[in-house]
S.K.: 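I have a structure here, written as C-alpha coordinates, and I will follow up with some questions on it.
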Amino acid sequence: MFGNLYLVATPIGNLDDITLRALKTLKEVDIIAAEDTRHTLKLLNHFEISKPLISYYKQTEKHKGEIILNKLIEGKNVALVSDAGTPVISDPGEEIVKLAIENNIKVIPIPGACACISSLIASGISASNFSFFGFLPVNNKDKINKLNEIKNYTTTLIFYEAPHKLINTLNAIQEILGDRKIVLCRELTKIHEEFIRGNISDILETIANPRGEFVIIVEGCTEKISDNNYLNTLSLDSHYEYYSNKGLSKKDIIKQIAKDRNVPKNEIYKYFFNSK
Ligand code: SAM
(Lines give C-alpha, C1' and ligand atoms only; values in the text may rest on other atoms or scores of the structure.)
Protein backbone atom coordinates (compact mmCIF):
# COMPACT_ATOMS: atom_id res chain seq x y z
CA MET A 1 0.00 0.00 0.00
CA PHE A 2 1.21 3.50 -0.81
CA GLY A 3 2.08 5.94 1.96
CA ASN A 4 0.34 9.30 2.43
CA LEU A 5 1.76 12.75 1.77
CA TYR A 6 0.93 15.07 4.68
CA LEU A 7 1.25 18.83 4.17
CA VAL A 8 1.92 20.05 7.67
CA ALA A 9 1.58 23.73 8.63
CA THR A 10 4.08 24.94 11.24
CA PRO A 11 4.11 28.19 13.29
CA ILE A 12 4.97 31.55 11.70
CA GLY A 13 6.61 32.82 14.90
CA ASN A 14 4.91 31.66 18.06
CA LEU A 15 5.66 27.97 18.63
CA ASP A 16 2.43 27.57 20.61
CA ASP A 17 0.64 27.79 17.27
CA ILE A 18 1.63 24.25 16.32
CA THR A 19 -1.50 22.11 16.26
CA LEU A 20 -2.01 18.84 18.12
CA ARG A 21 -2.61 17.14 14.79
CA ALA A 22 0.62 18.56 13.34
CA LEU A 23 2.58 17.18 16.30
CA LYS A 24 0.86 13.79 16.04
CA THR A 25 1.55 13.64 12.30
CA LEU A 26 5.21 14.65 12.65
CA LYS A 27 5.65 11.98 15.34
CA GLU A 28 3.99 9.25 13.27
CA VAL A 29 5.31 9.73 9.74
CA ASP A 30 8.38 7.84 8.47
CA ILE A 31 10.12 10.82 6.86
CA ILE A 32 9.89 14.60 7.06
CA ALA A 33 10.67 16.57 3.89
CA ALA A 34 11.74 20.08 4.88
CA GLU A 35 12.55 23.29 3.04
CA ASP A 36 15.55 23.83 5.33
CA THR A 37 16.46 20.80 7.42
CA ARG A 38 18.46 22.83 9.97
CA HIS A 39 15.53 25.15 10.55
CA THR A 40 13.06 22.25 10.92
CA LEU A 41 15.45 20.39 13.20
CA LYS A 42 15.17 23.25 15.71
CA LEU A 43 11.37 22.93 15.64
CA LEU A 44 11.53 19.14 15.99
CA ASN A 45 14.04 19.37 18.86
CA HIS A 46 11.76 21.83 20.63
CA PHE A 47 8.93 19.27 20.51
CA GLU A 48 11.28 16.33 21.14
CA ILE A 49 10.56 14.69 17.81
CA SER A 50 13.26 12.72 16.08
CA LYS A 51 12.72 11.69 12.45
CA PRO A 52 14.77 11.18 9.28
CA LEU A 53 14.80 14.44 7.33
CA ILE A 54 15.14 15.02 3.64
CA SER A 55 15.66 18.49 2.18
CA TYR A 56 13.13 19.72 -0.35
CA TYR A 57 13.45 23.26 -1.64
CA LYS A 58 12.65 25.19 -4.80
CA GLN A 59 15.86 24.36 -6.69
CA THR A 60 15.66 20.62 -5.92
CA GLU A 61 11.92 20.16 -6.35
CA LYS A 62 12.23 17.97 -9.45
CA HIS A 63 15.00 15.65 -8.29
CA LYS A 64 13.89 15.43 -4.64
CA GLY A 65 10.29 15.06 -5.77
CA GLU A 66 11.18 11.75 -7.47
CA ILE A 67 12.96 10.53 -4.32
CA ILE A 68 9.99 11.43 -2.13
CA LEU A 69 7.59 9.84 -4.61
CA ASN A 70 9.56 6.58 -4.50
CA LYS A 71 9.38 6.56 -0.71
CA LEU A 72 5.61 7.11 -0.88
CA ILE A 73 5.27 4.29 -3.44
CA GLU A 74 7.31 2.03 -1.10
CA GLY A 75 4.62 2.69 1.51
CA LYS A 76 6.37 5.30 3.63
CA ASN A 77 4.32 8.17 5.06
CA VAL A 78 5.94 11.55 4.34
CA ALA A 79 5.26 14.94 5.97
CA LEU A 80 6.18 18.05 4.03
CA VAL A 81 6.94 21.19 6.04
CA SER A 82 8.28 24.60 5.05
CA ASP A 83 10.34 26.98 7.20
CA ALA A 84 7.21 28.64 8.53
CA GLY A 85 3.48 28.49 7.94
CA THR A 86 1.63 26.50 5.36
CA PRO A 87 3.66 24.59 2.78
CA VAL A 88 2.91 25.40 -0.89
CA ILE A 89 1.77 28.97 -0.06
CA SER A 90 4.72 30.97 -1.48
CA ASP A 91 6.77 27.97 -0.41
CA PRO A 92 7.85 24.71 -2.05
CA GLY A 93 5.37 21.86 -2.36
CA GLU A 94 3.24 22.43 -5.45
CA GLU A 95 5.33 20.04 -7.58
CA ILE A 96 5.30 17.14 -5.13
CA VAL A 97 1.56 17.57 -4.60
CA LYS A 98 0.96 17.30 -8.37
CA LEU A 99 3.31 14.33 -8.63
CA ALA A 100 1.60 12.57 -5.73
CA ILE A 101 -1.86 13.12 -7.22
CA GLU A 102 -0.70 11.82 -10.63
CA ASN A 103 0.53 8.68 -8.90
CA ASN A 104 -2.64 8.09 -6.86
CA ILE A 105 -0.96 8.99 -3.57
CA LYS A 106 -3.28 10.44 -0.94
CA VAL A 107 -2.48 14.08 -0.13
CA ILE A 108 -3.60 15.15 3.34
CA PRO A 109 -3.47 18.79 4.50
CA ILE A 110 -2.76 19.41 8.19
CA PRO A 111 -3.91 23.03 8.51
CA GLY A 112 -2.40 25.66 10.76
CA ALA A 113 -0.70 29.04 10.64
CA CYS A 114 -0.64 30.96 7.38
CA ALA A 115 0.55 34.58 7.32
CA CYS A 116 -1.87 35.76 4.62
CA ILE A 117 -4.99 34.48 6.37
CA SER A 118 -3.94 35.71 9.82
CA SER A 119 -3.26 39.15 8.32
CA LEU A 120 -6.49 39.32 6.40
CA ILE A 121 -8.74 38.42 9.33
CA ALA A 122 -7.21 41.08 11.59
CA SER A 123 -6.81 43.75 8.91
CA GLY A 124 -10.29 45.21 9.11
CA ILE A 125 -10.37 45.26 5.29
CA SER A 126 -13.08 43.17 3.63
CA ALA A 127 -12.40 39.45 3.86
CA SER A 128 -15.44 38.36 1.86
CA ASN A 129 -13.54 38.31 -1.44
CA PHE A 130 -9.79 38.41 -1.69
CA SER A 131 -6.93 37.69 -4.10
CA PHE A 132 -3.56 36.43 -2.90
CA PHE A 133 -0.49 37.19 -5.02
CA GLY A 134 2.39 36.08 -2.78
CA PHE A 135 5.55 38.01 -3.69
CA LEU A 136 5.31 40.50 -6.55
CA PRO A 137 8.03 40.08 -9.22
CA VAL A 138 11.42 41.44 -8.13
CA ASN A 139 12.11 43.04 -11.50
CA ASN A 140 10.58 46.53 -11.47
CA LYS A 141 9.11 46.32 -14.98
CA ASP A 142 7.45 42.97 -14.22
CA LYS A 143 6.20 44.36 -10.90
CA ILE A 144 4.58 47.33 -12.66
CA ASN A 145 3.05 45.05 -15.31
CA LYS A 146 1.58 42.79 -12.64
CA LEU A 147 0.14 45.76 -10.74
CA ASN A 148 -1.38 47.15 -13.95
CA GLU A 149 -2.95 43.78 -14.60
CA ILE A 150 -4.66 43.71 -11.20
CA LYS A 151 -5.34 47.38 -10.54
CA ASN A 152 -9.07 47.08 -11.23
CA TYR A 153 -9.66 44.02 -9.08
CA THR A 154 -12.41 44.80 -6.61
CA THR A 155 -11.29 42.03 -4.25
CA THR A 156 -8.98 42.72 -1.30
CA LEU A 157 -5.37 42.18 -2.45
CA ILE A 158 -2.78 40.34 -0.38
CA PHE A 159 0.98 40.47 -0.93
CA TYR A 160 4.02 39.08 0.84
CA GLU A 161 7.11 41.27 0.87
CA ALA A 162 10.66 41.23 2.23
CA PRO A 163 11.47 44.21 4.52
CA HIS A 164 14.21 45.62 2.29
CA LYS A 165 11.82 45.74 -0.71
CA LEU A 166 8.79 47.03 1.20
CA ILE A 167 9.19 50.75 0.47
CA ASN A 168 9.82 50.19 -3.23
CA THR A 169 6.76 47.94 -3.44
CA LEU A 170 4.53 50.38 -1.52
CA ASN A 171 5.61 53.18 -3.87
CA ALA A 172 4.81 51.00 -6.89
CA ILE A 173 1.40 50.07 -5.45
CA GLN A 174 0.63 53.73 -4.79
CA GLU A 175 1.75 54.77 -8.28
CA ILE A 176 -0.33 52.15 -10.12
CA LEU A 177 -3.29 51.47 -7.80
CA GLY A 178 -3.57 54.92 -6.22
CA ASP A 179 -3.32 56.05 -2.61
CA ARG A 180 -5.40 53.17 -1.29
CA LYS A 181 -6.23 52.10 2.22
CA ILE A 182 -3.79 49.39 3.28
CA VAL A 183 -2.73 47.45 6.36
CA LEU A 184 0.86 46.42 6.96
CA CYS A 185 0.79 43.30 9.12
CA ARG A 186 4.15 42.97 10.77
CA GLU A 187 5.77 40.18 12.81
CA LEU A 188 2.55 38.23 13.30
CA THR A 189 2.36 36.03 16.39
CA LYS A 190 5.72 37.42 17.60
CA ILE A 191 6.59 39.88 20.37
CA HIS A 192 6.57 42.88 18.04
CA GLU A 193 3.33 42.01 16.25
CA GLU A 194 1.88 45.19 14.77
CA PHE A 195 -0.86 46.31 12.38
CA ILE A 196 -0.10 49.61 10.65
CA ARG A 197 -3.31 50.97 9.10
CA GLY A 198 -3.81 53.96 6.81
CA ASN A 199 -3.43 55.27 3.29
CA ILE A 200 -0.20 54.33 1.52
CA SER A 201 1.11 57.92 1.52
CA ASP A 202 0.59 58.29 5.31
CA ILE A 203 2.24 54.96 6.02
CA LEU A 204 5.21 55.74 3.77
CA GLU A 205 5.86 58.84 5.88
CA THR A 206 6.06 56.80 9.08
CA ILE A 207 8.21 53.83 8.05
CA ALA A 208 11.78 54.73 7.26
CA ASN A 209 13.59 51.49 7.94
CA PRO A 210 11.20 48.53 7.91
CA ARG A 211 12.29 45.50 9.89
CA GLY A 212 10.75 42.08 10.37
CA GLU A 213 8.28 40.16 8.28
CA PHE A 214 5.41 41.88 6.48
CA VAL A 215 2.15 41.08 4.77
CA ILE A 216 0.52 43.91 2.79
CA ILE A 217 -3.28 43.99 2.66
CA VAL A 218 -4.67 46.43 0.09
CA GLU A 219 -8.28 47.50 -0.29
CA GLY A 220 -9.75 46.44 -3.65
CA CYS A 221 -10.60 48.92 -6.39
CA THR A 222 -13.63 50.98 -5.44
CA GLU A 223 -13.83 53.09 -8.62
CA LYS A 224 -16.62 52.24 -11.05
CA ILE A 225 -15.12 51.13 -14.36
CA SER A 226 -16.72 49.88 -17.54
CA ASP A 227 -16.09 46.30 -18.71
CA ASN A 228 -14.10 47.58 -21.65
CA ASN A 229 -11.80 49.74 -19.57
CA TYR A 230 -11.24 46.81 -17.29
CA LEU A 231 -10.46 44.35 -20.11
CA ASN A 232 -8.00 46.72 -21.71
CA THR A 233 -5.95 46.88 -18.54
CA LEU A 234 -5.41 43.13 -18.64
CA SER A 235 -2.50 41.42 -20.36
CA LEU A 236 -3.41 39.98 -23.78
CA ASP A 237 -3.31 36.49 -22.27
CA SER A 238 -5.73 37.41 -19.48
CA HIS A 239 -7.95 39.22 -21.99
CA TYR A 240 -7.98 36.01 -24.07
CA GLU A 241 -8.74 33.90 -21.00
CA TYR A 242 -11.68 36.18 -20.12
CA TYR A 243 -13.44 35.43 -23.43
CA SER A 244 -12.27 31.82 -23.49
CA ASN A 245 -14.01 31.31 -20.12
CA LYS A 246 -17.15 32.72 -21.70
CA GLY A 247 -16.96 29.91 -24.30
CA LEU A 248 -16.06 32.02 -27.36
CA SER A 249 -14.19 30.35 -30.24
CA LYS A 250 -10.57 31.31 -30.93
CA LYS A 251 -11.67 33.30 -34.00
CA ASP A 252 -14.32 35.23 -32.07
CA ILE A 253 -11.94 35.91 -29.17
CA ILE A 254 -9.40 37.48 -31.51
CA LYS A 255 -12.12 39.55 -33.19
CA GLN A 256 -13.47 40.71 -29.83
CA ILE A 257 -10.04 41.60 -28.38
CA ALA A 258 -9.20 43.63 -31.51
CA LYS A 259 -12.52 45.46 -31.16
CA ASP A 260 -12.03 46.16 -27.43
CA ARG A 261 -8.54 47.51 -28.00
CA ASN A 262 -9.31 49.24 -31.26
CA VAL A 263 -6.38 47.57 -33.04
CA PRO A 264 -6.24 45.57 -36.30
CA LYS A 265 -7.33 41.91 -35.96
CA ASN A 266 -4.13 40.59 -37.54
CA GLU A 267 -2.03 42.19 -34.76
CA ILE A 268 -3.89 40.16 -32.17
CA TYR A 269 -3.85 37.11 -34.43
CA LYS A 270 -0.06 37.37 -34.81
CA TYR A 271 0.36 37.50 -31.02
CA PHE A 272 -1.69 34.38 -30.43
CA PHE A 273 -0.89 32.46 -33.61
CA ASN A 274 1.99 30.47 -32.14
CA SER A 275 0.89 30.29 -28.54
CA LYS A 276 -2.81 29.36 -28.69
N1 SAM B 1 4.13 29.61 3.72
C2 SAM B 1 4.14 30.81 4.52
C3 SAM B 1 2.72 31.07 5.00
O4 SAM B 1 1.98 30.14 5.19
O5 SAM B 1 2.39 32.22 5.23
C6 SAM B 1 4.74 31.97 3.76
C7 SAM B 1 6.16 31.77 3.36
S8 SAM B 1 6.83 33.09 2.47
C9 SAM B 1 8.36 32.38 1.95
C10 SAM B 1 7.41 34.18 3.70
C11 SAM B 1 6.64 35.49 3.72
O12 SAM B 1 5.42 35.32 4.47
C13 SAM B 1 7.35 36.62 4.44
O14 SAM B 1 8.24 37.31 3.57
C15 SAM B 1 6.21 37.51 4.88
O16 SAM B 1 5.74 38.29 3.81
C17 SAM B 1 5.14 36.46 5.24
N18 SAM B 1 5.26 36.08 6.66
C19 SAM B 1 5.68 34.92 7.15
N20 SAM B 1 5.64 34.94 8.51
C21 SAM B 1 5.19 36.15 8.86
C22 SAM B 1 4.94 36.80 10.11
N23 SAM B 1 5.16 36.18 11.26
N24 SAM B 1 4.47 38.06 10.09
C25 SAM B 1 4.25 38.71 8.93
N26 SAM B 1 4.48 38.15 7.72
C27 SAM B 1 4.94 36.89 7.69
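Residues: numbered from 1 along the sequence shown. Counting starts at 1 for both ligands and their atoms, following the listed order.
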S.K.: Name the closest protein heavy atom to atom 21 (C) of ligand 1, giving the residue it belongs to and the distance to 0.1 Å.
M.R.: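 So the nearest neighbour among protein heavy atoms is Glu213 OE1, 3.6 Å.
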
S.K.: Quick one: look up the protein heavy atom nearest atom 24 (N) of ligand 1 and list residue, atom name and how far away it is.
M.R.: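 Of every protein heavy atom, Leu188 N, 2.9 Å lies nearest to atom 24 (N) of ligand 1.
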
S.K.: How far is atom 16 (O) of ligand 1 from its nearest protein heavy atom, and which residue and atom is that?
M.R.: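 Sorting protein heavy atoms by distance from atom 16 (O) of ligand 1 puts Phe214 O, 2.5 Å first.
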
S.K.: Quick one: which ligand 1 atoms are inside 4.0 Å of a heavy atom on Glu161?
M.R.: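 Answer, ordered by atom number: 14 (O), 16 (O).
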
S.K.: Taking the non-hydrogen atoms of Val215, is any one of them nearer than 4.0 angstrom to ligand 1?
M.R.: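 Heavy atoms of Val215 do come under 4.0 Å of ligand 1.
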
S.K.: Can you confirm whether more than 12 heavy atoms, excluding those of Glu28, are under 6.0 Å from its CD atom?
M.R.: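 Yes - once you tally the heavy atoms of other residues, nucleotides and ligands closer than 6.0 Å, there are more than 12.
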
S.K.: Does atom NZ of Lys106 have more than 12 heavy-atom neighbours from other groups under 6.0 Å away?
M.R.: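 Not more than 12 within 6.0 Å, no.
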
S.K.: Tell me: protein heavy atom nearest atom 5 (O) of ligand 1, and distance?
M.R.: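 Protein heavy atom with the smallest distance to atom 5 (O) of ligand 1: Tyr160 OH, 2.7 Å.
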
S.K.: Answer side chain, backbone, both or neither: which part of Lys190 comes under 4.0 Å from ligand 1, heavy atoms only.
M.R.: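 The side chain, only.
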
S.K.: Enumerate the atoms of ligand 1 whose separation from the nearest heavy atom of Phe135 is less than 4.0 angstrom.
M.R.: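 Ligand 1 atoms under the 4.0 Å threshold to Phe135: 8 (S), 9 (C), 10 (C), 11 (C), 14 (O).
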
S.K.: Looking at every heavy atom in both Lys190 and Ile12, which two are closest together, and how far apart are they?
M.R.: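 Distance-wise, the nearest heavy atoms are CE-O, 3.4 Å.
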
S.K.: Judged by non-hydrogen atoms, does Ala162 sit under 4.0 Å from ligand 1?
M.R.: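 So Ala162 does not count as touching ligand 1.
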
S.K.: Give a yes or no on this: more than 12 heavy atoms of other residues, nucleotides or ligands lie within 6.0 Å of atom NZ of Lys143.
M.R.: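 Yes, the 6.0 Å shell around NZ holds more than 12 heavy atoms from other groups.
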
S.K.: For ligand 1, which atoms, with element, lie under 4.0 Å from some heavy atom of Cys185?
M.R.: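 Checking each atom against Cys185, I get 25 (C).
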
S.K.: In terms of ring plane angle, is the pair Tyr160 and Phe132 parallel, tilted or perpendicular, where the classes change at 30° and 60°?
M.R.: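 Ring orientation, 0 to 90° scale: perpendicular.
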
S.K.: Can you list the steps and then say if Ile96 with Val78 is a side-chain contact (heavy atoms from CB on, under 4.5 Å)?
M.R.: CA-CA 11 Å; Ile96 185 67; Val78 179; over 6 Å; no

S.K.: Might you point out which heavy atoms bring Ser90 and Gly134 nearest each other, and give the distance in Å?
M.R.: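 Smallest interatomic distance, heavy atoms only, reads OG-CA, 3.4 Å.
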
S.K.: Can Glu267 and Lys270 be said to form a salt bridge (Lys or Arg N to Asp or Glu O under 4.0 Å), step by step?
M.R.: CA-CA 5 Å; Glu267 252 183 47; Lys270 254 192 251 160; over 6 Å; no

S.K.: Return yes when atom CG of Asn139 has more than 12 non-hydrogen atoms of other residues, nucleotides or ligands closer than 6.0 Å, and no otherwise.
M.R.: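 More than 12 heavy atoms, drawn from other residues, nucleotides or ligands, come within 6.0 Å of this atom.
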
S.K.: Any N or O of Thr86 that comes nearer than 3.5 Å to an N or O of ligand 1?
M.R.: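 So ligand 1 has an N or O lying under 3.5 Å from an N or O of Thr86.
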
S.K.: Geometry only, no angles: is Gly13 polar-contacting ligand 1 at N/O separations under 3.5 Å?
M.R.: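 Looking only at distances, the answer is no, because the N/O contact criterion of under 3.5 Å is not met.
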
S.K.: Find out whether Leu170 and Ile216 are in side-chain contact, i.e. whether some heavy atom of one side chain is under 4.5 Å from a heavy atom of the other.
M.R.: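 Yes. Closest side-chain heavy atoms under 4.5 Å.
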
S.K.: Does Pro87 approach ligand 1 within less than 4.0 angstrom via side chain, backbone, both or neither, non-hydrogen atoms only?
M.R.: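 Contact part for Pro87 vs ligand 1: neither.
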
S.K.: So, does Ala84 sit close enough to ligand 1 that a heavy atom of it is under 4.0 Å from the ligand?
M.R.: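 It does, in that a heavy atom of Ala84 comes within the 4.0 Å cut-off of ligand 1.
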
S.K.: Carefully, step by step, assess Asp260 and Gln256 under the rule side-chain hydrogen bond (donor to acceptor under 3.5 Å, both in side chains).
M.R.: CA-CA 6 Å; Asp260 291 347; Gln256 196 55 50; 3.3 Å; yes

S.K.: Among all the protein's non-hydrogen atoms, which is closest to atom 18 (N) of ligand 1, and how far away is it?
M.R.: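 Answer, as residue, atom name and distance: Ala115 CB, 3.5 Å.
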
S.K.: At a 4.0 Å threshold, what atoms of ligand 1 neighbour a non-hydrogen atom of Asp91?
M.R.: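 The atoms of ligand 1 under 4.0 Å from a heavy atom of Asp91 are 1 (N), 2 (C), 6 (C), 7 (C), 9 (C).
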
S.K.: Suppose I only count heavy atoms of Ile89 and a 4.0 Å limit; which atoms of ligand 1 are within that range?
M.R.: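 So the answer, numbered in order with elements, is 1 (N), 2 (C), 6 (C), 7 (C).
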
